[in-house]
2 protein chains.
Amino acid sequence: MFGMSIQPSPARSERRRNTLSLDVVLTEAVAILDEHGERGLTFRRLTEGLGTGPGGVYWYVQDKADLINLACDRVVANALDAVPEQPGEEPMAVLRGLALAVFDELDRHPWAGPHLTSNPGQQNTLRLLDRFGRLVTEAGLPADQQFYAASAVLNYVVGVGTQMARALSRVVGDTDREDYLAAAVARWEELDEQEFAFVRRVAGTVREHDDREQFTAGLDLLLVGIGRAGGRA
Amino acid sequence: MFGMSIQPSPARSERRRNTLSLDVVLTEAVAILDEHGERGLTFRRLTEGLGTGPGGVYWYVQDKADLINLACDRVVANALDAVPEQPGEEPMAVLRGLALAVFDELDRHPWAGPHLTSNPGQQNTLRLLDRFGRLVTEAGLPADQQFYAASAVLNYVVGVGTQMARALSRVVGDTDREDYLAAAVARWEELDEQEFAFVRRVAGTVREHDDREQFTAGLDLLLVGIGRAGGRA
DNA sequence: ACCTGAACACCGTTCAAGT
DNA sequence: ACCTGAACACCGTTCAAGT
């Protein structure tokens with residue numbers, strides 16, 4: 001739905017060239033990003049995979065930044081498509097499902113996370129914010145708190161989701177395939193006990209549980225808080 | 001404090017070269033990033049400003065990614081230094097002050113935001129998480145919720161802070177200096193009324209208030225929620 | 001140990017030319 | 001309208017050589 005190309009699908013007959021389209025370009029770009037990471041996405045590799053020249057790509061895309069943004073937008077589109085709107089359902093349950101869909105998508109495409117918060121030009125991230133906002137509204141949150149509550153949820157989902165996705169993912173920037181999270185925790189346990197008192201204390205507990213469960217536990221903490229909150233401190 | 005170079009400060013006598021140091025390199029890098037954005041940070045410009053060759057920089061830095069990470073780490077260091085630890089103070093008040101310090105620092109250095117969440121190798125971001133964690137603990141949050149509460153706060157502060165910093169900042173990627181936020185809101189108001197029902201409704205209110213105030217209002221919402229939350233949904 | 005700077009491989013982007 | 005592919009300017013990184 002949201003990931004489809006904007007231009008009308010050309011009649012699949014008559015011409016034998018014109019195998020290219022924004023859709024095809026983005027599919028290839030996402031595949032390369034998944035396999036080789038952000039640094040691995042070069043026009044050389046992209047055009048090789050597509051069987052075109054650079055000019056062909058530039059017909060559909062403004063520049064490399066635009067290409068990556070569009071690829072990110074497609075990732076978010078996947079999450080949105082995975083959880084269709086369900087009017088009448090318990091809003092917080094829907095929100096939780098949507099958050100998990102984003103989590104799963106970030107797990108599949110770990111390169112996308114950092115670009116989601118930073119770029120407001122992405123239509124589907126805005127769409128995601130909109131859905132969070134409507135769900136939070138449905139749940140009865142006062143009007144003047146809705147925007148920042150929705151922002152908080154979006155930031156939590158993307159921020160924590162990105163971190164955990166990188167931890168789970170075996171591909172980080174085309175190089176290391178180790179158990180990233182375990183390595184991080186091990187590093188944490190070597191930190192100074194005074195200076196990093198908190199991180200050292202919780203380092204063990206982070207490893208123990210299932211990541212997806214912890215992700216939603218933190219989300220629920222946020223939602224329960226948002227649902228109950230009445231005014232400012 | 002946290003922004004200082006790791007290596008011992010060399011005796012400022014005897015040698016007449018050796019004007020370089022990690023500290024000097026990072027200062028110049030931050031200055032370039034502030035003025036020209038991330039794309040504007042090239043080794044050419046950097047070495048011109050420093051009066052060195054590329055090899056000189058590579059003595060202190062592993063590669064460009066490392067350079068940017070170190071620059072980001074210094075930005076967070078500034079925020080940490082701005083709010084020294086104050087045992088005995090009201091933890092939530094201290095947390096709020098620390099969050100605002102990060103906000104201000106992201107306002108000064110809008111390029112840093114996207115790199116903070118994505119990179120766990122940054123010591124000072126970890127330090128920031130640790131302080132949030134200790135403050136949340138002091139405030140009486142149950143042990144099993146502390147880590148994700150601290151993460152939520154960190155993600156809110158960095159995520160929303162980055163967005164607003166970009167909105168306020170006049171330099172975005174070396175080019176446009178328009179009123180970014182106003183433009184964003186104007187774009188929001190042109191969106192489809194059905195599809196973006198929430199964003200369109202709140203678009204007006206976002207513009208009205210003072211940004212810093214809204215930032216803390218959202219943060220307080222989160223903190224009040226965290227403080228009151230008892231269990232999962 | 002610290003720095004120089006020429007050299008290298010490569011990358012994003014352009015554009016005149018083709019269909 | 002859509003695509004080709006050679007050409008260009010530039011960029012990150014290396015490394016033998018200096019002090």
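- Each of A:Arg44 and A:Gln62 was assigned the nucleotide of DNA chain C with the nearest heavy atom; the assignment lying further toward the 5' end belongs to A:Arg44.
- With B:Thr125 as reference, B:Leu116 is the one residue of B:Val158, B:Leu116, B:Val75 to meet the side-chain contact (heavy atoms from CB on, under 4.5 Å) rule.
- In terms of heavy atoms, B:Leu98 sits closest to B:Phe132 at CD2-CE2, 4.0 Å.
- When each of B:Gly56 and A:Pro54 is assigned the nucleotide of DNA chain C bearing its nearest heavy atom, the one mapping closer to the 5' terminus is B:Gly56.
- For A:Arg39 and D:dC11, the shortest distance from a side-chain N or O to OP1 or OP2 is not below 4.0 Å.
- Protein atom CG of A:Asp63 is 17 Å distant from nucleotide atom P of C:dC11, rounded to whole Å.
- If you check every strand for non-hydrogen atoms under 4.0 Å, B:Leu67 touches nothing.
- Atom OH of B:Tyr60 and atom P of C:dA1 are 12 Å apart (whole Å).
- Residue contacts shown for B:Leu41 are limited to sugar-phosphate atoms, with no base heavy atom under 4.0 Å away.
- Annotation for B:Arg108 and B:Asp34: closest pair O-OD1, 3.6 Å, computed over non-hydrogen atoms.
- When Watson-Crick and G-U wobble pairs are counted only if both distances are under 3.5 Å, C:dC8 pairs with D:dG12.
- At a threshold of 4.0 Å, the pair B:Arg45-B:Glu48 does not count as salt-bridged, since none of the basic side-chain nitrogens sits closer than that to a carboxylate oxygen.
- The side chain of A:Lys64 sits closest to C:dG12 out of D:dC3, C:dG12, C:dC3.
- Spacing between atom CZ of B:Phe43 and atom C1' of C:dA6 amounts to 17 Å, rounded to whole angstrom units.
- In this structure, the CG atom of A:Leu20 is 13 Å from the P atom of D:dG5, given to the nearest Å.
- Figure legend. D:dA1 is base-paired to C:dT19; pairs are counted as Watson-Crick or G-U wobble with both atom distances under 3.5 Å.
- The separation between B:Leu22 atom CG and C:dC3 atom P is 11 Å, rounded to whole Å.
- Distance A:Leu46 CG to C:dG12 P: 9 Å, rounded to the nearest Å.
- Comparing atom distances between the B:Thr42 side chain and each of C:dG12, C:dG5, D:dG12 picks out D:dG12 as nearest.
- Note: CD (B:Glu38) to P (D:dC11) measures 14 Å, nearest angstrom.
- In this entry the distance linking CH2 of A:Trp59 with P of C:dG12 reads 22 Å, nearest Å.
- Residue A:Tyr58 places no side-chain N or O under 4.0 Å from the OP1 or OP2 atom of C:dC15.
- Note: B:Tyr58 and B:Phe43 have parallel aromatic rings, judged against thresholds of 30 and 60 degrees for the angle between ring planes.
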